[in-house]
Amino acid sequence: MESFEKNSPIGLMDSGVGGLTILKQMISICPREDYIYFGDTKNLPYGEKTKKELIPIAKQIFDFFAEKKVKAVIMACNTTSATVYDELKDDYDFKIYPIIQIVSKCITADKKLSRIAVMATQATVNSHKYSQELSKNNPKIEVFEQACPLWVPIVENKITDYDEKQVVLEYLENVLKFHPQKIILGCTHYPYMLNKLVKYAPKELFINPAGIFAQYIKNDLKDKNLLSQRESGTVQYFASADPEEFRQNAKLFLEIKNTPQLAVL
Ligand code: DGL
């Protein structure tokens, strides 16, 4: 691989601001990379869409990244990793990193884990992708999947006046009845809910996959001799609708100085 390809940007995609939880980790451990973040605010929430609806959407975003000549795309979206990754994975030259497949592989390296719960979008839960992927490394593992459909709207629409008992505690109580050793926050938006969740269960129970995922990607780029050689990196942001609103919502996770560019899908 020539050095100009090492210095090519890395694309990250999510339906909105949730994937910024992954971008933040990537910037902290790979600060020399150039990143292009795509928040598909026009089509969110993905969690309420079908696989059939999500395939053409993801294709458009991947075509956008192909035009930008990225060296890799981080599928920082559990829902598309669950529903469309298998459909698109062989159609592009760049490397694709799907969050569910990679995080499941890393987590099950610990063979002591035999009961895992996952909180995720409805589409991710319907796909049972976490169950399938976690079982690959440990066929005896028991997995409980809980959909939390109101959490993405809470983040993206900055809803604060919700009934915490109904919207947080009821989902969590279902999960706790299963007596999990760990609970995976299986949607990139969900780390925002962590400060509510820890009121009812110990912090150590929850896995925010962003750190594990970013570390795997860094190691893999290093193995493939694809880490950037630049002194420092940049980030470009694109949103498919209301870029200024995206910038405001992004503040939940990180500061974006200028209004993102509008990407027409
Ligand atoms: N944040 C995405 C995920 O990790 C999708 C959320 C949504 O748009 O429903 O699944």
Side-chain angles (χ1 to χ4, degrees), residues 11-26 37-58 60-62 73-88 96-104 107 117-134 145-159 167 171 183-194 197 206-214 217 237-242 245-246 249-250 252-254 263 265:
L12 284 100
M13 64 159 296
D14 193 24
S15 60
V17 296
L20 297 173
T21 53
I22 312 293
L23 176 66
K24 206 171 160 180
Q25 285 293 327
M26 286 303 301
Y37 185 92
F38 194 107
D40 189 10
T41 40
K42 182 179 157 194
N43 291 305
L44 72 81
Y46 282 0
E48 288 170 21
K49 290 196 157 52
T50 61
K51 177 174 176 165
K52 212 171 149 205
E53 289 170 314
L54 288 169
I55 289 173
I57 291 174
Q60 282 183 296
I61 299 172
F62 275 43
V73 168
I74 300 178
M75 221 182 212
C77 172
N78 292 262
T79 307
T80 51
S81 300
T83 53
V84 307
Y85 169 71
D86 288 337
E87 306 289 331
L88 300 190
I96 305 169
Y97 295 104
I99 186 164
I100 296 181
Q101 290 77 348
I102 289 172
V103 167
S104 298
I107 288 175
V118 182
M119 301 181 95
T121 65
Q122 191 65 60
T124 299
V125 168
N126 291 350
S127 76
H128 300 298
K129 197 67 177 172
Y130 264 106
S131 279
Q132 290 163 18
E133 294 294 324
L134 289 163
E145 296 160 309
Q146 171 71 43
C148 310
L150 295 169
W151 291 6
V152 170
I154 284 176
V155 175
E156 292 289 345
N157 304 325
K158 294 201 272 322
I159 299 170
V167 170
Y171 296 158
I183 302 172
I184 301 174
L185 298 175
C187 169
T188 51
H189 287 74
Y190 292 3
Y192 176 71
M193 303 302 285
L194 203 51
L197 293 165
F206 298 95
I207 298 179
N208 170 3
I212 304 168
F213 188 36
I217 295 165
Y237 295 94
F238 289 85
S240 54
D242 306 317
E245 200 182 323
F246 174 91
N249 289 347
L252 299 174
F253 302 112
L254 51 79
L265 283 191

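Note that this is a predicted model, so its numbers are computed, not measured. Indexing begins at 1, ligand by ligand and atom by atom, following the structure's order. Count residues from 1 along the sequence.
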Which residue owns the protein heavy atom closest to atom 10 (O) of ligand 1, what's the atom, and how far is it?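 The closest one turns out to be Thr79 OG1, 2.6 Å.
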
What protein heavy atom lies closest to atom 7 (C) of ligand 1? Include the residue and the distance to one decimal. Tyr46 N, 3.3 Å

Looking at ligand 1, does Pro45 have a heavy atom less than 4.0 Å from it? yes

So which bit of [X] gets within less than 4.0 Å of ligand 1, heavy atoms only: side chain, backbone, both or neither?
X: Ser15; value: side chain
X: Asn78; value: both
X: Asp14; value: side chain
X: Val152; value: side chain

Distance under 4.0 Å to a non-hydrogen atom of [X]: what atoms of ligand 1 satisfy this?
X: Gly47; value: 7 (C), 8 (O), 9 (O)
X: His189; value: 1 (N), 6 (C)
X: Thr121; value: 6 (C), 9 (O), 10 (O)

Lys158 side chain to Asn249 side chain, donor-acceptor N/O pair below 3.5 angstrom: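 Side-chain D/A pair, Lys158 to Asn249: present.
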
Side chains of Asp40 and Ser15 only: does a donor on one sit below 3.5 Å from an acceptor on the other? no

Could you check whether any side-chain heavy atom of Ser240 comes within less than 4.5 Å of a side-chain heavy atom of Phe38, counting everything from C-beta outward? yes

Using a 3.5 Å cut-off on N or O atoms only, is Thr188 in polar contact with ligand 1? yes

Classify the ring geometry between Tyr171 and Trp151 as parallel (under 30°), tilted (30 to 60°) or perpendicular (over 60°). tilted

Can you classify the ring geometry of Phe253 versus Tyr192 as parallel (below 30°), tilted (30 to 60°) or perpendicular (above 60°)?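 The rings of Phe253 and Tyr192 stand perpendicular, inter-plane angle above 60°.
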
What's the spacing between Asn126 CG and Thr50 OG1 if we round to 0.5 Å?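 The OG1 atom of Thr50 is 10.5 Å from CG of Asn126, to the nearest 0.5 Å.
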
Reported CD1-to-OG distance for the pair Ile99 and Ser81, which is rounded to 0.5 angstrom: 6.5 Å

Salt bridge check: are Asp86 and Lys129 linked by an N-O gap of less than 4.0 Å?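 Answer for the salt bridge query: yes.
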
